[in-house]
Amino acid sequence: MHKDPHPAVAPSTAPAAGTPASRLDAYWMPFTASREFKSKPRLLAKAEGMHYWTPEGRQVLDAVAGLWCVNAGHARTKIVRAIADQAAEMDFAPPFNMAHPKAFELAEKLVELAPAGLDKVFFTNSGSEAVDTALKMAIAYHRARGEGQRTRLIGRERGYHGVNFGGISVGGIAGNRKSFGTMVGGVDHLRHTHDLKKNAFSRGLPEHGAELADDLERIVTLHDASTIAAVIVEPVAGSTGVLLPPKGYLERLRTICDKHGILLIFDEVITGFGRLGAPFAASHFKVTPDLMTVAKGITNGAVPMGAVFAKRAIHDVFMTGPEHMVEFPHGYTYSAHPLACAAALGTLETYADEGLLTRGAKMAPVFEHALHSLRESPNVIDIRNIGLVGGIELESIPGSPGKRAFDIFRACFERGVLIRTTGDIIALSPPLIVEESHIDQAISTIADVLKSA
Ligand SMILES: Cc1ncc(COP(=O)(O)O)c(C=O)c1O
């Protein structure tokens with residue numbers, strides 16, 4: 001059922017040739033080492049199931065679900081059809097004071113899937129927009145109920161919450177912040193939970209570090225709870241290099257937020273839609289946030305879309321004032337875009353048909369076993385995993401942080417496996433249709449490359 005229909009076949013529609021160097025100039029690429037890329041481009045021209053193909057027809061195993069988003073594998077029929085049909089039927093409908101039926105249908109289906117209590121869905125076009133929407137919701141919620149002084153937002157060191165100003169302000173990846181001047185005011189950060197000395201080579205959640213949640217009490221003491229609107233964390237931090245919450249950490253954070261009337265936001269842009277072996281990290285950890293951001297897997301990466309789930313009580317606070325007035329002055333031209341809604345409906349159907357939102361739990365032991373077989377490989381200093389997410393941390397080359405992992409990324413691509421690296425950490429997040437043979441191929445390729453790195 002999850003097998004590629006044509007796993008080893010080169011694409012019939014592959015472009016005849018690669019892109020000539022002269023054509024590479026105009027595109028200013030996102031989060032890319034551009035000069036390196038343009039000196040030796042890595043192009044992808046077709047995708048199906050677990051694989052990409054380069055323009056020359058070389059097959060590449062996708063060990064990262066594109067960019068943590070293609071959870072059902074590539075070019076899935078129901079999603080492709082849904083998008084095509086929708087484009088033919090209605091391309092666009094204005095989302096302000098107007099709507100189209102699929103937006104409501106999708107919101108209803110998403111709410112059914114979400115942890116109990118997250119009853120309302122607001123649509124955006126990306127994870128970054130979902131994060132900034134959630135932060136604005138939190139501040140506006142407190143104001144609407146008469147606590148307008150609660151404007152402070154608390155993030156966590158090493159957190160990644162996208163690239164908009166709210167997201168980089170609460171984000172904790174130094175390299176993503178330092179170029180952009182003054183951030184949103186009043187933000188503070190919890191300590192991160194990564195502790196190599198105590199937790200290296202943990203399988204699943206690390207034993208040590210639940211008490212790091214108490215850092216929120218320190219921040220509350222410093223600023224006073226009455227100034228704090230919300231805390232935002234990734235339940236499992238992905239982009240910073242797969243950092244897992246220590247056992248009990250998220251529960252403790254929830255308790256402290258409740259004690260002080262602070263909203264808890266889970267950023268589930270990566271963990272949402274089956275990555276951990278449950279529909280959401282909130283369902284997996286049985287900790288329900290007040291607001292939850294998602295994107296990526298919501299449409300299987302096929303059309304840009306993000307969303308914020310909110311508790312009914314938060315939504316309802318806004319529902320006052322004259323009925324002809326906008327209650328929450330926020331939204332995007334493309335909120336609930338018809339193509340995105342159609343893609344998301346096709347995606348949810350595909351997930352349901354194939355049990356993909358829980359398949360990660362079944363495959364997790366196989367993945368864990370394979371991943372930890374790299375423990376004795378050269379320069380590996382930690383391996384961590386949960387569901388179908390894995391992180392392999394490498395000793396940095398002195399004076400050249402990130403170089404070792406980047407070279408491994410390039411070498412793996414040349415050998416037909418797409419991985420992702422951040423700093424000197426390799427991150428793996430295969431599509432949830434992954435089979436044992438794909439895992440073996442990815443891990444043995446990495447093992448070979450590590451030997452010569
Ligand atoms: C946790 C988290 N939040 C937000 C984002 C930003 O999403 P986007 O790139 O769709 O804006 C990402 C992207 O990787 C993410 O991992």
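Whatever order the structure lists them in is the order used to number ligands and atoms, beginning at 1. Given the structure is predicted, the values throughout are model-derived calculations rather than measurements.
Rounding to the nearest 0.5 Å gives a distance of 10.5 Å between CG of Asp267 and CZ of Arg156. Atom CG in Leu339 sits 10.0 Å away from atom CE in Met90 (nearest 0.5 Å).
Heavy atoms of Lys296 come nearer than 4.0 angstrom to ligand 1 in at least one pair. Distances from ligand 1 to the non-hydrogen atoms of Gly238 include no value under 4.0 Å.
The Ser126 neighbourhood of ligand 1 comprises atoms 10 (O), 11 (O), with distances under 4.0 Å to a heavy atom of that residue. Remark: ligand 1 atoms within the under-4.0 Å shell around heavy atoms of Ser239 are 14 (O), 16 (O). Heavy-atom contacts of Asp267 reach the following atoms of ligand 1: 1 (C), 2 (C), 3 (N), 4 (C) (cutoff under 4.0 Å). Those atoms of ligand 1 with a heavy atom of Glu234 less than 4.0 angstrom away are 1 (C).
At least one donor-acceptor pair under 3.5 Å links the side chain of Arg177 to the backbone N or O of Ile168.
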Open item on the list: With side-chain hydrogen bond (donor to acceptor under 3.5 Å, both in side chains) as the criterion, how do His194 and Glu393 come out once you've worked through the C-alpha distance, each side chain's angles and the decisive distance to 0.1 Å?
Closed with: CA-CA 12 Å; His194 192 35; Glu393 186 155 353; 3.0 Å; yes

Task: side-chain hydrogen bond (donor to acceptor under 3.5 Å, both in side chains) between Glu36 and Ser39, intermediate numbers included - done: CA-CA 5 Å; Glu36 185 279 338; Ser39 70; 5.2 Å; no

TODO: In sequence, state the C-alpha distance, the side-chain angles, and the governing distance for Phe266 and Phe280, and then conclude on ring-ring contact (aromatic ring centres under 6.0 Å, His included).
DONE: CA-CA 10 Å; Phe266 276 178; Phe280 299 95; over 10 Å; no

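No option in Lys78, Lys362, Arg76 other than Arg76 meets the salt bridge (Lys or Arg N to Asp or Glu O under 4.0 Å) test with Glu354.
The residue Trp68 has no part lying near ligand 1, judged by heavy-atom distances below 4.0 Å.
Protein heavy atom in closest approach to atom 12 (C) of ligand 1: Tyr160 CE2, 3.4 Å. Scanning the protein heavy atoms around atom 16 (O) of ligand 1, the nearest turns out to be Ile270 CD1, 3.2 Å. The protein non-hydrogen atom at the shortest distance from atom 9 (O) of ligand 1 is Ser128 OG, 4.4 Å.
For ligand 1, the polar-atom distance check against Gly127 finds a nitrogen or oxygen pair separated by under 3.5 Å.
Salt bridge absent: Arg420 and Asp62 never bring a charged side-chain N and a carboxylate O closer than 4.0 Å.
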